[in-house]
Amino acid sequence: MGNTMRSVYCGQLKAANIDEEVTLCGWVDRRRDHGGVIFIDLRDREGIVQVVFDPDGEENFALADKVRPEYVLQVKGKVRARDAATVNPNMATGEVEVYGTGLEILNSAETPPFQLDSHITVGEDVRLRYRYIDLRRQEMQKNLYFRSKVTTAIRNYMDENGFLDIETPILTRATPEGARDYLVPSRTHEGQFFALPQSPQLFKQLLMVSGFDRYYQIAKCFRDEDLRADRQPEFTQIDIETSFMDEEGIMSVTEGMIRKLFQDLQGVDLGEFDRMPYSEAIEKYGSDKPDLRIPLEMVDIKDLMKDVEFKVFSGPANDPKGRVTAMKVPKGGEIPRKKVDAYTKFVSIYGAKGLAYIKVNDKDDLENGLQSPIVKFLPAEVCRAILDRVEADNGDLIFFGADTHKIVTEALGALRCKLGEDLNLYTRDWAPLWVVDFPMFEATDNGGLTALHHPFTAPSCSPEELQANPAEALSRAYDMVLNGTELGGGSVRIHDQGMQQAVFQILGIEEDEQREKFGFLLDALKYGAPPHGGLAFGLDRLIMLMTGSESIRDVIAFPKTQTAACVMTDAPGSVGADQLKDLHIRLRAKPQAQEQKSESQTK
RNA sequence: GGUCCGGUAGUUCAGUUGGUUAGAAUGCCGGCCUGUCACGCCGGAGGUCGAGGGUUCAAGUCCCUUCCGGAUCGCCA
């Protein structure tokens with residue numbers, strides 16, 4: 001190891017190094033002082049090794065006595081085997097230790113605000129305030145180390161497959177659809193604003209027009225929307241675009257990448273990915289990103305409920321927009337009543353007014369074998385038909401949803417995931433799949449249509465067919481889903497000006513607006529745009545899944561809090577009057593509540 | 001924007017129907033200890049109970065407002 005103050009990393013020492021003279025650099029993880037002998041666990045990014053000082057080395061021993069946690073040390077010493085009785089099997093380097101013959105304190109450290117031990121839990125706000133210390137923890141080191149390995153593997157894979165890494169602007173223009181933009185005021189253009197890209201979507205399409213044929217970028221994207229455990233205002237996409245490839249080609253090359261990452265970095269063979277039409281995902285699993293580790297499925301019983309007197313069921317059954325469905329939970333009869341009540345409350349979040357159920361004690365005894373608040377409203381032959389259709393067995397529990405299609409689907413879809421988690425129903429570790437055959441559009445609240453994917457997605461029909469029946473049209477889009485998380489999505493794009501204008505028209509984007517916002521794209525489509533398409537992966541989510549993290553915050557070095565702030569740097573912050581003047585910006589008078597906040601922050 | 005959970009020692013938490021000097025663990029400081037590894041033993045220091053207001057003889061505890069962190073619905077083409 002040249003050009004460095006160390007000869008080897010602490011965490012790399014093992015029996016093979018015995019008798020070597022080494023120089024280590026690292027942080028004091030822990031010090032154990034036995035009066036006559038001092039143990040220092042020295043930590044660097046590769047791991048921890050035990051260093052021993054005894055009074056024979058007078059000066060070093062006195063120094064070792066002064067050392068405290070998180071001091072930065074340079075230690076010279078000799079690697080030696082531990083006595084059989086003192087080997088530590090819980091430690092990667094536990095077979096050896098370093099007998100310290102030289103010690104230099106490179107820097108002292110104040111007592112850290114929290115302990116770095118892995119067995120101590122610390123509130124996330126404290127961790128984020130002192131993120132540079134938090135990142136010293138082994139778990140975080142491991143996550144970011146792994147992230148680096150993944151991005152390197154991605155670059156290698158893309159390079160091997162002929163993709164070029166091309167950067168696109170961060171300062172760009174606002175787009176009319178999609179998420180809220182982060183805006184950057186222009187100094188040189190009074191009253192005008194840049195937007196940070198929600199994704200490099202249009203630029204990568206233009207690169208295809210330019211003939212680069214295969215592009216990729218590990219790109220920062222920005223969306224000013226409310227945060228979640230898997231959503232940050234700035235996040236990273238593996239952005240990919242190709243020319244002269246159809247959806248099969250694109251899915252094949254990107255699936256190959258994900259499969260290789262899992263194989264090479266985790267030793268997991270994901271196999272060939274399943275394919276599922278969007279409609280099946282919604283109808284069976286209540287989600288466009290179904291978690292197929294969970295064996296539960298929704299089974300429609302709308303036809304059985306049309307004529308029952310029980311209005312809760314017959315109402316939606318006779319409403320074209322309604323949905324009535326059953327979901328069998330094998331062995332669900334063991335779920336306590338209290339838990340069922342909790343699930344009722346859970347589905348109410350999604351607008352469900354109740355959660356009917358039947359506990360199947362004896363499927364052959366319709367009189368007394370079914371335990372349920374609703375069975376008395378249902379004719380025996382309907383009960384029989386339900387049991388047959390869901391293939392119920394004794395001990396099963398059947399949940400029901402009856403409401404609008406949207407509410408039933410979302411509520412039971414969410415319940416399905418919750419049951420999977422609570423009852424640990426997972427049948428496998430990894431369930432990758434492609435969701436395909438998305439609709440082009442979905443209805444908006446005010447009766448219009450909006451792009452389900454984005455407005456540059458190609459339909460799988462002609463412009464004429466599209467305009468004749470836009471609501472039914474399917475797109476050439478595809479999403480990659482892993483364990484109920486949308487890892488990435490993409491589509492074959494429109495490369496024809498007429499088709500693009502047809503889509504804008506259906507979306508209600510008028511010609512002058514088309515010109516203003518997308519004129520450059522429409523122009524580009526005129527000058528020889530090749531057939532093209534692509535896909536973008538959420539890198540943070542991918543790393544989160546691969547490392548088993550609870551939140552993408554744990555795989556991002558410096559993430560934001562739920563209010564999109566950074567508690568370490570205190571960003572965002574206020575700026576001086578001069579800066580605002582340069583940007584031609586005058587702030588509105590603050591409401592009083594706001595003033596209290598900024599005062600408490602400036603102290 | 002809505003709903004829910006949380007904020008008490010550096011940290012993680014407990015704190016009863018409102019009632020004496022707000023506790024524990026861990027960390028920290030000092031002492032002892034030559035084989036520990038979440039070392040051990042003895043002693044010590046350490047608190048604007050998130051902030052503001054109110055009720056009360058009395059508030060960590062009850063009420064109102066507000067800030068912060070998290071989960072979630074809406075939102076996220």
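All values reported here derive from a predicted model rather than from experimental measurement.
When the nucleotides B:U12, B:U34, B:C28 are ranked by their closest atom to the side chain of A:Val122, B:U12 comes out on top. For A:His34, taking side-chain heavy atoms from C-beta onward, the closest of the listed nucleotides B:G35, B:C29, B:U11 is B:G35. Listed candidates were B:U11, B:U36, B:A71. Nearest to the side chain of A:Ala229 is B:A71. The nucleotide whose nearest atom lies closest to any side-chain atom of A:Gln50 is, among B:C37, B:U12, B:U34, B:C37. Among the nucleotides B:C73, B:C37, B:G35, the one closest to the side chain of A:Tyr350 is B:C73. Checked against B:G70, B:C76, B:G30, the side chain of A:Arg231 finds its nearest nucleotide in B:C76. The side chain of A:Ala179 sits closest to B:C76 out of B:G69, B:C37, B:C76. Side-chain atoms of A:Glu225 lie closest to B:C75 of the nucleotides B:A71, B:C75, B:U36. When distances are taken from the side chain of A:Asp226 to each of B:G74, B:G69, B:U72, the shortest belongs to B:G74.
Here the closest non-hydrogen pair linking A:Leu507 and A:Leu449 is CD2-O, 3.6 Å.
Taking atom CZ on A:Arg31 and atom P on B:G35, their separation rounds to 16 Å, with Å as the unit.
For B:G69, the OP1/OP2 oxygens have a side-chain nitrogen or oxygen of A:Thr563 closer than 4.0 Å. Between A:Arg32 and the phosphate of B:C39, there is a side-chain N or O to OP1/OP2 separation shorter than 4.0 Å. Phosphate contact (OP1/OP2 of B:A71, side-chain N/O of A:Arg553, threshold under 4.0 Å): present. Remark: A:Arg127 is not in phosphate contact with B:G69, judged by side-chain N or O atoms under 4.0 Å from OP1 or OP2. Considering only side-chain N and O atoms, A:Arg228 lies nowhere under 4.0 angstrom from the phosphate OP1 or OP2 of B:A71. Under 4.0 angstrom from either OP1 or OP2 of B:G69 there lies at least one side-chain N or O belonging to A:Thr561. Phosphate contact (OP1/OP2 of B:A71, side-chain N/O of A:Gln562, threshold under 4.0 Å): present.
No hydrogens or angles were tested; on distance alone, a donor-acceptor pair under 3.5 Å links the side chain of A:Arg82 to the base of B:C37. The base of B:C33 sits with one of its N or O atoms less than 3.5 Å from a complementary donor or acceptor on the side chain of A:Asp33. Taking 3.5 Å as the limit, the base of B:G35 and the side chain of A:Glu97 contain a donor-acceptor pair of atoms between them. For A:Gln115 and B:U12, a side-chain-to-base donor-acceptor distance below 3.5 Å is absent, hydrogens and geometry of angles not being considered.
Using modelled atom types, one finds a donor on one side chain and an acceptor on the other under 3.5 Å when comparing A:Gln201 with A:Gln205.
The partner of B:U3 is B:A71, by the rule that a Watson-Crick or G-U pair needs both atom distances under 3.5 Å. In a base pair of the Watson-Crick type (N1 to N3 plus N6-O4 or O6-N4) or a G-U wobble (N1-O2 and O6-N3), with each distance short of 3.5 Å, B:A24 is matched with B:U12. The partner of B:C62, taking Watson-Crick or G-U wobble pairs whose two distances both stay under 3.5 Å, is B:G54. The partner of B:G40 is B:C32, by the rule that a Watson-Crick or G-U pair needs both atom distances under 3.5 Å.
Using a 4.0 Å cut-off between a side-chain N of Lys or Arg and a carboxylate O of Asp or Glu, A:Asp117 and A:Arg30 qualify as a salt bridge.
Ring-to-base geometry places A:Phe39 in a stacked arrangement with B:U36 (centre distance under 5.5 Å, plane angle under 30°).
In this structure, A:Asn88 reaches the bases: a heavy-atom distance under 4.0 Å links it to at least one base atom across the strands shown.
Distance noted for atom P between B:G54 and B:G44: 40 Å (whole Å).
In this structure, A:Leu419 and A:Tyr343 have side chains that are in contact, with non-hydrogen atoms separated by less than 4.5 Å.
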